[in-house]
Amino acid sequence: MTTSDTASGRRSLTAIVLAAGKGTRMRSDLPKVLHRIAGRSMLAHVLAAAQEAGATRIAVVAEPGREDVAREAAAAAPGARLYPQAERLGTAHAVLAARAALAEGDEDVVVAFGDTPLITGDTLRRLRAPLAQGAAVAVLAFEAAEPAGYGRVLTEGDRVLAIREEKDATEDERRIRLCNAGLMALAGAHALALLERIGNDNAAGEYYLPDAVALAVGDGLPVAVVPVDEAEALGVNDRVQLGVAEAAIQARLRRAAQLGGATLIAPETVFLSADTVLGRDVVVEPHVVFGPGVEVGDGSVVHAFSHLEGARLEAGVSIGPYARLRPGALLETGARIGNFVEVKNATLRAGAKANHLTYLGDAEIGEGANVGAGTITCNYDGVNKHRTAIGPGAFIGSNSALVAPVTVGAGAYVATGSVITDDVPADALAVARGRQAIKEGWAEPKRAAMRAEKEARSRKG
């Protein structure tokens, strides 16, 4: 079996993701693995990597009763099963909480951690590749700039001997810079037998997963070391490390967007979500935030200080600056929204535009329609949301309010400052505002009366 066989998923794989940590140092009521990076929980990042690596079975080991973790796992990896870890007696003990998954007999087993969100599917594929060559165990390791705190990988020539936790290491062993990244792959044929033999005769009295290495070596089974960059192996234990991981994944996402054909004018100011899709020749100006679920079509421009979430832009769309697209926003080819325009659960058909100071919620704006400044769709009556339909080629005058449910027909005009409560037929003009009245000479007597009143108050004071 070759590495390409492993990558193509011809060998079955169980991925076990350990996600039961409380994350005390996060100072949060939220489980550590549910903290988000690039719009996606750390757990979801790891589950995505496991699926990319070809996992045919995913087991998530979590604290009992964590319905929030269960929901996140189900959303990120449909079919994943949760296994409760009632006691925390070490990483090997945690893996054995998913004993039933191990007993299914998949050819490969990969153990990952829900708080290592920078791990990629490619790295997990590389980690399991030695199993296809006959290795019983493969460990992920890196050359640490500062090895203190990490388990050391002990070698003799090309042979791996063991992994020693720092608490149990000798002074000579602590000088070793090759460190254990924590993630491990085990051949399914040996996994349970090795894990069940791991003891807790160590300084912490815990069952350490890395002890599987020494057991395999003692059995004469091959053990491989797979290198990884130290930055990718980062484990997140507090908010500082969360920020470091965010910066790292943002750099990765920005680079991918640029190599894919998008221009980021000031890349360091643009924040992307893990699922952001930017087409060819897209231009993103500074200080733009992409929340989850955004797709931007070829040749579109996102001007500065815009915020997008759950929105889709087709080709040649322009938004912003200072635009906000909320979930359900769809802008078809050539549509345009300008500064301080908010769109929520609304569709702008091809060529439609709302250039400034407008709210379009629960609406459909027809092809080529023009929505003037200050217009709002009044979509909420305090209980229910209602829709507004504006027909193709319609013109909505500035500072108008469209009280939903309402329809403005194709080619119709709404006069500036109108409050529209009834449907407007196609090609009609709707005027719904008070008639202007002029009172000649009214202002000066009014000012004189105000001056007199002010003087009287002054005398009394």
Side-chain angles (χ1 to χ4, degrees), residues 13-53 55-102 104 106 108-121 123-124 127-128 140 180-186 191 195 206-210 212 232-239 241-242 244-246 249 274:
L13 169 64
T14 292
I16 298 176
V17 179
L18 305 186
K22 287 182 176 295
T24 304
R25 283 183 281 171
M26 297 294 286
R27 301 289 192 270
S28 174
D29 294 331
L30 190 69
K32 178 168 67 169
V33 297
L34 296 189
H35 284 264
R36 293 186 173 272
I37 295 172
R40 176 186 284 175
S41 72
M42 291 196 286
L43 176 60
H45 280 284
V46 178
L47 292 175
Q51 292 172 97
E52 291 168 17
T56 47
R57 194 182 319 276
I58 293 179
V60 178
V61 177
E63 184 181 5
R66 291 302 328 195
E67 293 301 320
D68 46 2
V69 174
R71 287 192 298 271
E72 184 71 4
R81 295 191 62 184
L82 245 69
Y83 295 87
Q85 182 189 6
E87 297 180 280
R88 291 176 181 80
L89 302 178
T91 47
H93 177 264
V95 174
L96 283 173
R99 184 189 303 267
L102 291 167
E104 294 289 342
D106 284 339
D108 297 346
V109 175
V110 166
V111 179
F113 297 83
D115 60 359
T116 57
L118 300 180
I119 288 295
T120 66
T123 293
L124 294 185
L127 178 60
R128 64 182 293 220
L140 202 64
N180 176 31
L183 286 78
M184 180 179 290
L186 304 97
L195 291 166
E206 293 188 350
Y207 298 87
Y208 289 140
L209 176 63
E232 186 179 337
L234 172 72
V236 173
N237 293 303
D238 56 34
R239 307 277 186 159
Q241 292 173 329
L242 188 73
V244 171
E246 179 75 57
I249 204 163

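Note that the structure is predicted; figures quoted are calculated from it, not measured.
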May I ask you to test the [X]-[Y] pair for a side-chain heavy-atom distance under 4.5 Å?
{"X": "Arg25", "Y": "Gln241", "value": "no"}
{"X": "Pro31", "Y": "Arg66", "value": "yes"}
{"X": "Leu13", "Y": "Asp106", "value": "no"}
{"X": "Glu63", "Y": "Gln85", "value": "no"}

If I compare all heavy atoms of [X] with all of [Y], which pair ends up nearest, and what's the gap?
{"X": "Ala80", "Y": "Ala73", "value": "CB-O, 4.3 Å"}
{"X": "Gly114", "Y": "Val17", "value": "N-CG1, 3.8 Å"}
{"X": "Leu242", "Y": "Met26", "value": "CD2-CE, 4.1 Å"}
{"X": "Pro210", "Y": "Met184", "value": "CA-CE, 3.8 Å"}

Evaluate the criterion side chain to side chain contact (heavy atoms under 4.5 Å, CB included) for residue pair Val110 and Ile16; output intermediate values, then yes/no.
-> CA-CA 6 Å; Val110 166; Ile16 298 176; over 6 Å; no
Backbone N/O of [Y] and side chain of [X]: donor-acceptor pair under 3.5 Å:
{"X": "Thr91", "Y": "Leu209", "answer": "yes"}
{"X": "Arg40", "Y": "Ala274", "answer": "no"}
{"X": "Arg27", "Y": "Asp238", "answer": "no"}
{"X": "His45", "Y": "Ile37", "answer": "yes"}
{"X": "Asn180", "Y": "Gly182", "answer": "yes"}
{"X": "Lys32", "Y": "Ala20", "answer": "no"}

Assess whether side chain to side chain contact (heavy atoms under 4.5 Å, CB included) is satisfied between Arg88 and Glu206, documenting all intermediate values.
-> CA-CA 9 Å; Arg88 291 176 181 80; Glu206 293 188 350; over 6 Å; no
Spacing of [X] atom [atom1] and [Y] atom [atom2] [to the nearest 0.5 Å]:
{"X": "Leu18", "Y": "Leu183", "atom1": "CG", "atom2": "CG", "value": "9.0 Å"}
{"X": "His93", "Y": "Leu96", "atom1": "NE2", "atom2": "CG", "value": "7.5 Å"}
{"X": "Leu118", "Y": "Met42", "atom1": "CG", "atom2": "CE", "value": "10.0 Å"}
{"X": "Asp29", "Y": "Leu34", "atom1": "CG", "atom2": "CG", "value": "12.5 Å"}
{"X": "Thr56", "Y": "Gln51", "atom1": "OG1", "atom2": "CD", "value": "11.5 Å"}

Would you call Arg36 and Glu72 a salt bridge, taking side-chain N to carboxylate O under 4.0 Å as the test?
-> yes
Please determine, by modelled atom types, if Ser41 and His35 share a side-chain donor-acceptor pair under 3.5 angstrom.
->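 Short answer, no.
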Do we see a donor-acceptor contact under 3.5 Å between the side chains of Thr14 and Glu104?
-> no
Check against side-chain hydrogen bond (donor to acceptor under 3.5 Å, both in side chains), Thr120 and Glu52 = CA-CA 8 Å; Thr120 66; Glu52 291 168 17; over 6 Å; no
Intermediate values then yes/no, side chain to side chain contact (heavy atoms under 4.5 Å, CB included), Ile119 and Glu232 = CA-CA 6 Å; Ile119 288 295; Glu232 186 179 337; 4.0 Å; yes
Verdict with reasoning, Val95 to Val61, per side chain to side chain contact (heavy atoms under 4.5 Å, CB included) | CA-CA 7 Å; Val95 174; Val61 177; over 6 Å; no
